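In listed order, ligands and their atoms are each counted from 1. This structure is a prediction, so every number in the text was calculated from the model and none was measured.
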Amino acid sequence: MIDGGVPTIAGASIKEASVAAFKAGLRGQLLRPGDDNYDGARKIWNGMFDRRPALIARCAGTADVMSAVNFARDNGLPVAVRGGGHSFPGHSVCDGGLVIDLSPMRSIRVDPAARTARVQPGAKWIDFDHETQAFGLATTGGTASDTGIAGLTLGGGLGWLSSKHGLTVDNLLSADVVTADGRFLTASAEENQDLFWGLRGGSGNFGVVTSFDYQLHTVGPTILGGMVVYPVAQAKEVLRFYREFSKAAPDELTIYAGILNPPDRETVIALICCYCGPLGKGDAVVRPVKSFGSPLQDVLGPLPYAVQQSLTDAGFPSGSYYYTKGGFLADLTDQIIEVFAEYAATKPSPLSGVLVQTVFGAARRVDSKAMAFPHRSLPYAPVIVSQWLDAADSDKNVAWARDFWMALEPFAGGAYVNDLGRDDENRIRIAYGANYERLAALKKKYDPDNFFRLNPNIKPTV
Ligand SMILES: Cc1cc2nc3c(=O)[nH]c(=O)nc-3n(C[C@H](O)[C@H](O)[C@H](O)COP(=O)(O)OP(=O)(O)OC[C@H]3O[C@@H](n4cnc5c(N)ncnc54)[C@H](O)[C@@H]3O)c2cc1C
């Protein structure tokens, strides 16, 4: 135990007896500096953030989440909410304050008849796919299997099934939420509809979600996926082909372009595909990709959907230093392609790259005001990911991603909340687009004191 209690935002100190009572009331653990598991529990995916929370509540269930919210609010402690810990700007850990750590809450219940899944917020996509694929089911999730379902869902959710089945938020049926005043609410199309609207893209601004219900679809278990890989020197030709091909692709095919560094290899440009329709029809659909140009390697073919979901994992290990920039583009014009080629050739770290995600098909056909996530008409969503291993190299790697984005920004029409970087405060409003005013009014209703502020923050000002 540390003498003098836990410091609050106001500079006061919470008495040891209060901390002890809080700890005794939890089913999960309460960690403090000096505890055995403390250092492991404060680490997040992005090694840029070496923060030291005063307390980490490893919640075992909803009751712990309610206790944690009430304790932090009553004692004036700042709060960070952690799901899978993959926040690019490090929102899931704080200096001082309380981390509400949901990572022990990983249970998943699939209802194969109703094709739904009820999922706790500490689950990762690898957990989700494991449970749902046992029934030949899936829904749109992230492209790195270690990413948390919670943060990704609350920001929108772009993934390999987006063109066929929409974004992750388009498949959210309901959510249980603990709000800043400690209430437990269910939000769905039937209950607390305004909150449900805000949760689907509002990035954790309205409360801690303790359970998500998703619509599932028949997917795989074998899909047509993988990638065709070209030398990065061919980036311009490949991206021009990608532009035309992606626009004409059927909903069953989601295709990304990526400038990547496969482990132990030179930088390449890859066309990464996921065709989730009937296998017999897929060959003809992906044939133009397989027959384009002079690839270094063609590993596009039948494979388990779960393998597709972890295809890029090795490129984004936990603990590296990362800095990101990204946004939405209406098209990949020749001018934009020139920018991609220029920055692919000048990256200071071989580990860095850019992935062009998409909003096509079913993801695009949703009204931009149907829920908080607004960006339905800008189909290309590049995310520039700078990655390096030595803190001494930070400045040049941060500068590369910043300059790259500055060169793209004149062509950009919006930002994706889940891809905002650590210095993107001034881009939060455009990330919520035309839905910002309605979100601010909701924030005032559900979190008037801005208790949940360590996120792409919506100010309760309307
Ligand atoms: C390697 C990698 C790959 C990615 N790939 C994709 C992708 O394919 N598609 C895509 O759309 N995005 C992708 N992302 C971005 C990703 O969606 C965000 O980083 C997201 O925030 C991660 O969620 P998390 O739960 O892991 O993160 P955390 O860091 O745990 O959470 C991020 C923030 O979300 C909020 N939050 C988390 N859980 C809750 C909860 N239960 N209740 C309320 N608020 C909560 C909090 O504000 C928290 O700080 C990727 C990120 C990484 C690092």
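With a 4.0 Å heavy-atom cut-off, ligand 1 is reached by no atom of I44. No part of I149 comes within 4.0 Å of ligand 1, judged by heavy-atom distances. Proximity of Y416 to ligand 1, defined as any heavy-atom pair under 4.0 Å, is confined to the side chain (atoms from C-beta onward).
At least one N/O-N/O distance between S92 and ligand 1 falls below 3.5 Å. Looking at G151 next to ligand 1, an N or O pair under 3.5 Å apart turns up. Close N/O approach between L158 and ligand 1 is found [any backbone or side-chain N/O within under 3.5 Å]. Between D419 and ligand 1, a contact under 3.5 Å exists for no N or O pair. For ligand 1, none of its N or O atoms has an N or O atom of G142 under 3.5 Å away. The shortest N or O to N or O distance between S87 and ligand 1 is under 3.5 Å.
Note on ring orientation: taking the six-membered ring where Trp is involved, the planes of H217 and H165 are parallel (angle under 30°, cut-offs 30° and 60°).
Considering T186, T210, T62 as possible partners of D176, the one that fulfils the side-chain hydrogen bond (donor to acceptor under 3.5 Å, both in side chains) test is T186. Exactly one of K444, K443, K459 qualifies for a side-chain hydrogen bond (donor to acceptor under 3.5 Å, both in side chains) with N450. That residue is K443. Residue K124 is tested with D146, I149, T147 for a side-chain contact (heavy atoms from CB on, under 4.5 Å); the sole match is D146.
Taking the charged nitrogens against the carboxylate oxygens, R427 and D419 have no contact shorter than 4.0 Å, which rules out a salt bridge.
Residue contacts with ligand 1 include G157, since one of its heavy atoms falls under 4.0 Å from the ligand.
Around CG of D36, the count of heavy atoms belonging to other residues, nucleotides or ligands within 6.0 Å does not exceed 12.
Closest to atom 28 (P) of ligand 1, if we only count protein heavy atoms, is G85 N, 3.4 Å. Closest protein heavy atom to atom 38 (N) of ligand 1: A150 CB, 3.3 Å.
For Y322 and W45, the gap between ring centers is short of 6.0 Å. Checked against the 6.0 Å centroid criterion, the rings of Y256 and Y242 do not qualify as a close aromatic pair.
Of all the listed residues (F49, W45, F88), F88 holds the heavy atom that lies closest to atom 51 (C) of ligand 1.
For atom 45 (C) of ligand 1, the nearest protein heavy atom lies under 4.0 Å away.
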